[in-house]
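In this chain, residues are counted from 1 in sequence order. Counting starts at 1 for both ligands and their atoms, following the listed order.
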Amino acid sequence: MKIIRTIQEMQAESDRMRSDGLKIGFVPTMGFLHEGHLSLIREAGRRTDRIVVSIFVNPTQFGPKEDFAAYPRDFERDRKLAEAEGTDIIFNPPDTEMYPSGHCTHVDVDGLTETLCGASRPGHFRGVTTVVAKLFTAVKPHVAVFGQKDAQQAAVIRRMTADLNLDVEIVVAAIVRETDGLAMSSRNVYLSPSERADATVLRKSLLAAEELFRKGERDASTLVRSVKSMIESKPSARVDYVELSDPDTLQPMDKARSGGLLAVAVFIGKTRLIDNLILP
Ligand code: AMP
């Protein structure tokens, strides 16, 4: 496995793989890898000949009061985990390589980024789309794999890729969970034991709403109220949003229908967690 830290070297390596006729799969991450990330690496491996994993904690997608400095990092551990899954290249550029002084070009996806996480994290998606576009031009992948855990991010990246005619197939892989249902996240390490117990309410509240839907409930606000009230019953939890949206446009839905995206963001203590499900 190679570790590459410059864009120029990454591009040269990708050009070589492409001229050898090899299909490149790409998994962008911010590191501190867990089983969710590893499932994306395996998905890339099933679809392509070479796997590139980027590890880059992207400063531009964090707000000024968010956890950029505190975000968990452990490159040695990530290196071993990625290698064990068959990763061929880790692309791990320093911040100055991705954002040299004078950098002033951004990618904005309008319409899909003002709702849900975009409403509570202004500027977040601009940071995400800008870095993903830059990572695509560095890695030149045929296929890029993202997680359904970040459902809005996946929709925004799909839209950006289509709108900019980027020649990359976007694959979205299922959410990987702990045995008690909590969606795996690098941020779960922030939770105290009692917060960790409360955090299972995200999944439980979504499943309870899914059950109401199965029984015939179609009023979106009733489903949303049910999720909110379950979450608010936990002492450490504060709802950021609960919304039922169209999974592609991310616009709110009044009437629940199959395929609708029911998504939540919740502060458990100081830690903001997200989860979602697609109505069956
Ligand atoms: P991150 O390192 O948090 O930026 O995540 C990198 C990629 O892993 C994103 O595409 C996430 O959606 C995906 N991911 C994070 N957590 C999970 C999970 N529990 N299951 C599946 N994919 C995940």
Side-chain angles (χ1 to χ4, degrees), residues 25-47 51-63 66-68 70-75 77-79 81-82 85 87 90-93 95 98 116-117 121 124-136 139 141 143-161 168-191 196 199-200 202-203 206 247 250 261 263-266 271-278:
F26 177 40
V27 180
T29 82
M30 298 205 299
F32 213 66
L33 303 182
H34 51 65
E35 191 55 37
H37 299 113
L38 303 184
S39 76
L40 307 189
I41 297 175
R42 289 194 283 273
E43 186 62 41
R46 280 191 286 276
R47 292 167 180 268
I51 309 170
V52 181
V53 174
S54 63
I55 296 179
F56 180 63
V57 184
N58 174 35
T60 66
Q61 70 189 67
F62 289 80
E66 292 183 357
D67 56 342
F68 173 67
Y71 196 83
R73 294 161 169 90
D74 188 342
F75 186 78
R77 181 173 161 277
D78 289 347
R79 193 184 61 71
L81 287 170
E85 293 300 336
T87 300
I90 290 181
F91 180 48
N92 176 229
D95 293 2
M98 293 302 281
L116 304 169
C117 290
R121 303 185 70 189
H124 168 69
F125 285 110
R126 177 190 234 220
V128 169
T129 43
T130 300
V131 82
V132 170
K134 286 170 69 66
L135 289 168
F136 281 2
V139 175
V143 176
V145 186
F146 293 84
Q148 174 66 16
K149 156 99 183 325
D150 298 84
Q152 185 174 20
Q153 170 173 280
V156 168
I157 298 291
R158 264 201 307 261
R159 189 74 243 174
M160 172 187 82
T161 305
V168 181
E169 181 192 348
I170 305 299
V171 172
V172 180
I175 302 176
V176 177
R177 300 177 178 283
E178 303 288 355
T179 45
D180 62 5
L182 177 66
M184 289 194 182
S185 164
S186 306
R187 289 191 168 100
N188 290 350
V189 296
Y190 296 150
L191 301 170
R196 173 66 186 76
T200 57
L202 277 78
R203 175 67 171 162
L206 289 171
L250 304 176
L261 171 70
V264 301
V266 179
T271 306
R272 187 175 176 281
L273 301 179
I274 57 173
D275 201 348
N276 67 81
L277 60 75
I278 300 288

Asker: Should Asp67 and Arg272 count as an ion pair when the cut-off is N to O under 4.0 Å?
Answerer: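 Here Asp67 does not pair with Arg272 in a salt bridge, since their nearest N and O are not under 4.0 Å apart.
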
Asker: Does the pair Asp74/Arg79 count as a salt bridge with the N-to-O cut at 4.0 Å?
Answerer: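 Salt bridge: no.
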
Asker: From Phe26 CZ over to Ile41 CD1, what is the distance, rounded to the nearest 0.5 angstrom?
Answerer: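 Result: 11.0 Å between the selected atoms.
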
Asker: For the OG1 atom of Thr129 and the CD atom of Gln61, what is their distance to the nearest 0.5 Å?
Answerer: 9.5 Å

Asker: Verify the ring-centre separation between Phe62 and Tyr71: is it less than 6.0 angstrom?
Answerer: yes

Asker: Check residues 171-179 and write down every donor-acceptor pair under 3.5 Å in which the side-chain atom is one partner and the other belongs to a residue at least two apart or another chain.
Answerer:
residue	atom	partner	partner atom	Å
Arg177	NH1	Gly181	O	2.8
Arg177	NH1	Asp275	OD2	2.9
Arg177	NH2	Asp275	OD1	3.0

Asker: In order of chain and number, which residues sit within 4.0 Å of ligand 1 by heavy atom?
Answerer: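 Close residues (ligand 1, cut-off 4.0 Å): Pro28, Thr29, Met30, His34, Gly36, His37, Leu40, Tyr71, Phe146, Gly147, Lys149, Asp150, Gln153, Ala174, Ile175, Val176, Met184.
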
